[in-house]
Amino acid sequence: MAYWLFKTEPDTFSIDTLRIQQVSCWEGVRNYQARNMLRDDIRIGDLVLIYHSSCKNVGVAGIAKVVREAYPDHFAFDPESDYFDAKSSPENPRWVMVDVEFVRKTKRVIPLGVLKAMPELSELALVKKGNRLSIMPVSEQEWQAIFSKEELGNSAR
DNA sequence: GCCAACGTTGGC
DNA sequence: GCCAACGTTGGC
């Protein structure tokens with residue numbers, strides 16, 4: 001089993017959205033590096049950190065579990081969708097998505113500032129300067145280090 | 001709203 | 001294949 005981190009903007013889709021839906025597809029990934037990980041590396045049973053970006057309280061907000069492996073992201077076929085891509089078609093889909101299931105929320109959002117301050121996470125793509133990957137691998141050591149900070153939560157920053 | 005950092009596009 | 005211009009991401 002592997003670990004991942006998925007970014008989402010909570011104004012659009014948050015850990016609470018997932019808690020209500022329980023299972024959701026993870027559509028809209030439009031970056032080739034992230035796409036390749038979805039397609040080639042992410043497997044049923046893998047655990048995912050749900051990271052809230054571009055919001056007031058950025059950080060790790062919860063955990064999800066992969067319940068379906070990569071299949072075509074049909075939002076790319078819909079001209080009405082924000083994720084429409086004319087270069088993707090049902091015959092030759094360019095983008096894929098997986099389904100994730102809600103596991104739990106973190107006790108508090110573990111803030112980005114806390115993650116940045118952790119030497120154990122110096123190699124994590126999220127905290128490297130300028131990183132924009134929306135999907136990235138997390139090692140078991142990194143995963144455990146992150147949850148060692150869960151109880152501290154917001155108070156650590 | 002600002003702006004740095006990065007990815008993509010397209011002319012050559 | 002190079003690289004400048006442009007668009008996007010995302011923290012602050």
Side-chain angles (χ1 to χ4, degrees), chain A residues 2-19 21 24-42 46-64 66 70-100 102 105-139 142-143 145-157:
Chain A
Y3 299 99
W4 307 93
L5 182 147
F6 289 4
K7 287 182 191 168
T8 181
E9 297 187 12
D11 291 345
T12 304
F13 187 94
S14 73
I15 188 68
D16 286 316
T17 318
L18 182 61
R19 180 175 50 78
Q21 293 185 209
S24 174
C25 56
W26 198 267
E27 77 280 13
V29 173
R30 295 291 179 270
N31 168 282
Y32 288 104
Q33 203 179 339
R35 190 274 314 264
N36 293 347
M37 287 188 269
L38 280 176
R39 187 187 59 193
D40 303 332
D41 302 324
I42 297 184
D46 286 358
L47 291 179
V48 178
L49 295 171
I50 302 299
Y51 175 86
H52 284 177
S53 71
S54 297
C55 61
K56 202 161 189 176
N57 201 10
V58 294
V60 171
I63 304 175
V66 177
Y71 61 105
D73 181 345
H74 57 75
F75 291 84
F77 312 146
D78 177 7
E80 301 296 309
S81 170
D82 288 343
Y83 302 126
F84 176 68
D85 180 354
K87 292 172 181 166
S88 188
S89 67
E91 297 74 29
N92 191 15
R94 175 171 296 205
W95 305 110
V96 299
M97 57 188 176
V98 299
D99 288 355
V100 296
F102 177 80
K105 296 175 70 169
T106 51
K107 288 168 186 163
R108 300 187 180 183
V109 172
I110 305 172
L112 178 60
V114 168
L115 304 178
K116 279 183 173 173
M118 294 170 60
E120 303 96 317
L121 302 185
S122 61
E123 293 306 309
L124 182 66
L126 182 76
V127 303
K128 287 197 169 181
K129 188 172 184 180
N131 186 268
R132 294 161 60 193
L133 258 188
S134 59
I135 287 183
M136 69 189 73
V138 177
S139 73
E142 288 166 339
W143 181 280
I146 289 166
F147 283 99
S148 76
K149 303 294 184 189
E150 182 174 11
E151 300 291 341
L152 299 174
N154 294 339
S155 62
R157 191 186 183 197

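The chains referred to below are lettered A, B, ... by the order of the sequence lines, with proteins before strands, and numbering in each begins at 1. Because the structure is predicted, anything quoted here is derived from the model rather than measured. The figures that follow rest on heavy atoms only: side chains count, while hydrogens, waters and symmetry mates do not.
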Tell me whether the OP1 or OP2 atom of C/dG10 has a side-chain N or O from A/Lys56 closer than 4.0 Å.
no
State whether A/Tyr51 places a side-chain N or O below 4.0 Å from either non-bridging phosphate oxygen (OP1 or OP2) of C/dT9.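 No, outside the criterion.
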Among [options], the nucleotide that comes nearest once only the side chain of [X] is considered:
{"X": "A/Ser54", "options": "C/dG10, C/dC12, B/dT9", "value": "C/dG10"}
{"X": "A/Lys87", "options": "B/dT9, C/dG11, B/dT8", "value": "B/dT9"}
{"X": "A/Ser53", "options": "C/dC12, C/dG10, B/dT8", "value": "C/dG10"}

Round to a whole Å and report the spacing from [atom1] of [X] to [atom2] of [N].
{"X": "A/Lys7", "N": "C/dT8", "atom1": "NZ", "atom2": "C1'", "result": "12 Å"}
{"X": "A/Tyr83", "N": "C/dT8", "atom1": "OH", "atom2": "C1'", "result": "14 Å"}
{"X": "A/Asn131", "N": "C/dT9", "atom1": "CG", "atom2": "P", "result": "14 Å"}
{"X": "A/Asp11", "N": "C/dT9", "atom1": "CG", "atom2": "P", "result": "14 Å"}
{"X": "A/Gln33", "N": "C/dT8", "atom1": "CD", "atom2": "P", "result": "20 Å"}
{"X": "A/Leu133", "N": "B/dG7", "atom1": "CG", "atom2": "P", "result": "8 Å"}
{"X": "A/Arg94", "N": "B/dG7", "atom1": "CZ", "atom2": "P", "result": "17 Å"}
{"X": "A/Leu126", "N": "B/dA5", "atom1": "CG", "atom2": "C1'", "result": "15 Å"}

query: Hey, does the side chain of A/Thr8 reach the backbone of A/Phe13 with a donor-acceptor pair shorter than 3.5 angstrom?
result: yes
With distance as the sole test, does A/Gln33 use its side chain to make a donor-acceptor pair with the main-chain N or O of A/Leu133 at under 3.5 Å? no
Which of A/Val58, A/Ile15, A/Asp11 passes side chain to side chain contact (heavy atoms under 4.5 Å, CB included) with A/His52? Answer is A/Ile15
Are any of the side-chain nitrogens in A/Arg35 or A/Asp73 under 4.0 Å away from the carboxylate oxygens of its partner?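 No.
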Sugar-phosphate only, base, or nothing, as touched by A/Lys128 at under 4.0 Å among non-hydrogen atoms: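 No contact at all - A/Lys128 keeps every heavy atom at 4.0 Å or more from the nucleic acid.
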Only residue of A/Tyr83, A/Tyr71, A/Phe75, A/Tyr32 satisfying ring-ring contact (aromatic ring centres under 6.0 Å, His included) with A/Trp95 is A/Tyr32
